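See below for the structure under consideration.
These numbers come from the heavy atoms of this one structure, side chains and all, not from hydrogens, waters or symmetry mates. None of the values given here were measured: they were computed from a predicted structure. Indexing begins at 1, ligand by ligand and atom by atom, following the structure's order.
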Amino acid sequence: MLIKLYNTLGRKKEVFTPISSDSVKMYACGPTVYDYAHIGNFRTYITEDILNRVLKFNGLKTLYVQNITDVGHLVGDGDVGEDKMEKGSRVNGMTAWEIAKKFEKAYFDDSEKLNIIHPDIIARATDHIKEQIEIIEKLFELGFAYTISDGIYFDTSKQSDYGKLANLDKEGLKEGARVERNPEKKNDTDFALWKFSPKDKKRQMEWESPWGIGFPGWHIECSAMSVKYLGEPFDIHAGAIDLVPIHHTNEIAQNEAVYGHKTVNYWLHGAFLSINGGKMSKSLGNIYTITDLEKRDFDPLSFRYFTMSAHYRQPLNFTWQALEGAQTAYNNLVHKISYLLNDSPVSDKANEEYINKFIAVINDDINMPEAVAVLWELIKDPNIDSNSKILTVEKIDQVLGLSLIDKAKKINNEIKNIPKEIVLLAEEREIARKNKDWKKSDELRQKILDLGYEIKDEKMGFEISKK
Ligand code: AMP
Ligand code: ZN
């Protein structure tokens with residue numbers, strides 16, 4: 001079946017044709033491990049995980065590489081400001097190496113809670129300094145690199161199509177990049193390949209190079225590591241939309257300068273997650289982590305479910321209320337599936353019609369809101385028997401990654417001894433409670449009590465027990 005993906009390079013939906021007919025090589029920009037990843041970052045990582053799962057669902061083997069930026073990502077928009085790792089070290093009172101280790105672990109712990117499949121290869125920038133230096137040497141040989149007082153820079157005027165990914169002319173890029181002017185640079189859009197360590201200060205992370213002690217620029221790590229593990233050209237490079245005008249534009253510039261041709265066939269970019277309609281920022285205190293969600297009794301998977309309420313190329317606005325709504329819907333879904341487990345099996349086959357509907361939407365540029373709608377339609381369809389529904393959900397969940405059957409089985413075990421009539425009353429009461437219809441909710445609680453059962457409210461639904 002055809003897969004269509006929206007390629008930022010060219011700005012249109014295209015039929016996805018992998019280089020090899022049975023496998024896909026993909027790369028996604030990973031976290032800068034100077035702090036906890038926030039829910040905005042995780043919106044992007046979930047999108048990339050779903051992309052990986054969609055490709056697998058189509059029978060393609062995937063080789064998925066993600067980098068860990070543990071050096072050289074400066075806090076400034078251009079090549080100015082402190083290195084994020086050194087900043088993280090200063091703020092946390094730990095060494096930059098300890099910081100990297102701590103937040104890389106936190107990143108994978110949170111990823112696991114979100115059912116993100118671990119990438120096949122994790123590549124750390126600090127483990128690939130040699131490879132980065134080699135590319136810079138090639139760029140020198142080919143006349144694309146020059147030295148100024150604070151480092152080695154890429155000469156963007158040497159490339160006639162520089163900025164093609166962002167679809168901006170050089171004038172536009174100058175404004176778009178908001179790069180602080182550096183009078184020594186030949187062009188405003190030129191960017192650092194290697195930065196020299198300050199003469200008066202020893203950095204925690206610095207290396208020898210043919211040009212002096214220093215550290216790599218942010219973009220060079222992705223050029224070096226993607227090609228090292230995936231070869232060139234490779235199939236897909238993904239990230240969030242903010243990476244288009246600078247990071248990915250500069251990665252393309254470096255690669256195409258070295259190889260003389262395109263090294264990535266499809267560029268995929270996800271839209272941002274906003275909070276209460278605005279940006280996340282430290283000063284607003286609204287940079288939430290997965291732990292923050294858990295502290296408020298949210299299941300991380302309800303956040304995963306929430307991210308599927310918008311197409312990955314559409315902005316998504318986070319509010320606690322919206323997450324509450326997602327958690328209720330997710331919880332409801334799991335409960336509905338748990339009741340199906342009680343029925344005796346009639347069919348032992350997944351429903352092909354629904355699987356095909358599901359494939360049609362996921363293969364149409366990964367339309368997850370539609371995919372979730374197909375799932376609900378299946379659950380509510382009176383013409384499909386329970387076991388066939390379960391087998392279909394099991395398949396669909398290979399892409400959704402919501403642990404639907406496991407969670408449903410857990411609930412089912414817990415409520416096994418509770419009559420269906422009581423469970424339905426409890427479910428009705430749960431809806432009344434969510435609608436803040438306290439009168440109806442109290443009446444239903446009393447009815448359940450009269451029938452000999454007690455109900456306890458939990459954030460993830462309710463618990464029923466015999467009186
Ligand atoms: P960083 O750790 O800042 O390099 O960001 C890691 C990834 O998360 C990058 O792909 C960013 O583009 C992405 N990202 C950052 N903020 C958001 C956001 N609010 N919504 C979605 N993705 C984001
Ligand atoms: Zn990158």
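When hydrogens are left out, the protein atom nearest atom 12 (O) of ligand 1 is Asp242 OD1, 2.3 Å; that is the closest non-hydrogen contact. The closest protein non-hydrogen atom to atom 22 (N) of ligand 1 is Thr44 OG1, 2.7 Å. Nearest protein heavy-atom contact of atom 2 (O) of ligand 1 is Thr32 N, 3.2 Å. When hydrogens are left out, the protein atom nearest atom 21 (C) of ligand 1 is Gly40 O, 2.9 Å; that is the closest non-hydrogen contact. In this structure, atom 19 (N) of ligand 1 lies nearest to the protein heavy atom Leu273 O, 3.1 Å. Looking at atom 3 (O) of ligand 1, its nearest protein heavy atom turns out to be Lys84 NZ, 4.0 Å. Looking only at protein heavy atoms, the nearest one to atom 7 (C) of ligand 1 is Tyr45 OH, 3.4 Å. Looking only at heavy atoms of the protein, atom 17 (C) of ligand 1 is closest to Phe272 CZ, 3.4 Å.
Counted within 6.0 Å of NZ on Lys25, heavy atoms from surrounding residues, nucleotides or ligands total 12 or fewer; the atom is thus considered open.
For Lys279, no heavy-atom contact with ligand 1 is shorter than 4.0 Å. Both the backbone and the side chain of Asn41 come within contact range of ligand 1, each with a heavy atom under 4.0 Å.
Counted by atom type alone, His335 and Glu430 present zero donor-acceptor pairs between their side chains at under 3.5 Å.
A heavy-atom separation below 4.0 Å is found between His73 and ligand 1.
Protein N/O/S atoms found under 2.8 Å from the Zn ion (ligand 2): Cys29 SG, Cys222 SG, His247 NE2.
For the pair Ile152/Tyr146, no side-chain contact is recorded, criterion being any heavy-atom separation below 4.5 Å from C-beta on.
Among residues at least two apart or in separate chains, there is no side-chain hydrogen bond (donor to acceptor under 3.5 Å, both in side chains) pair with a member in residues 133-144.
Heavy-atom proximity to Met280, at under 4.0 Å, picks out these atoms of ligand 1: 19 (N).
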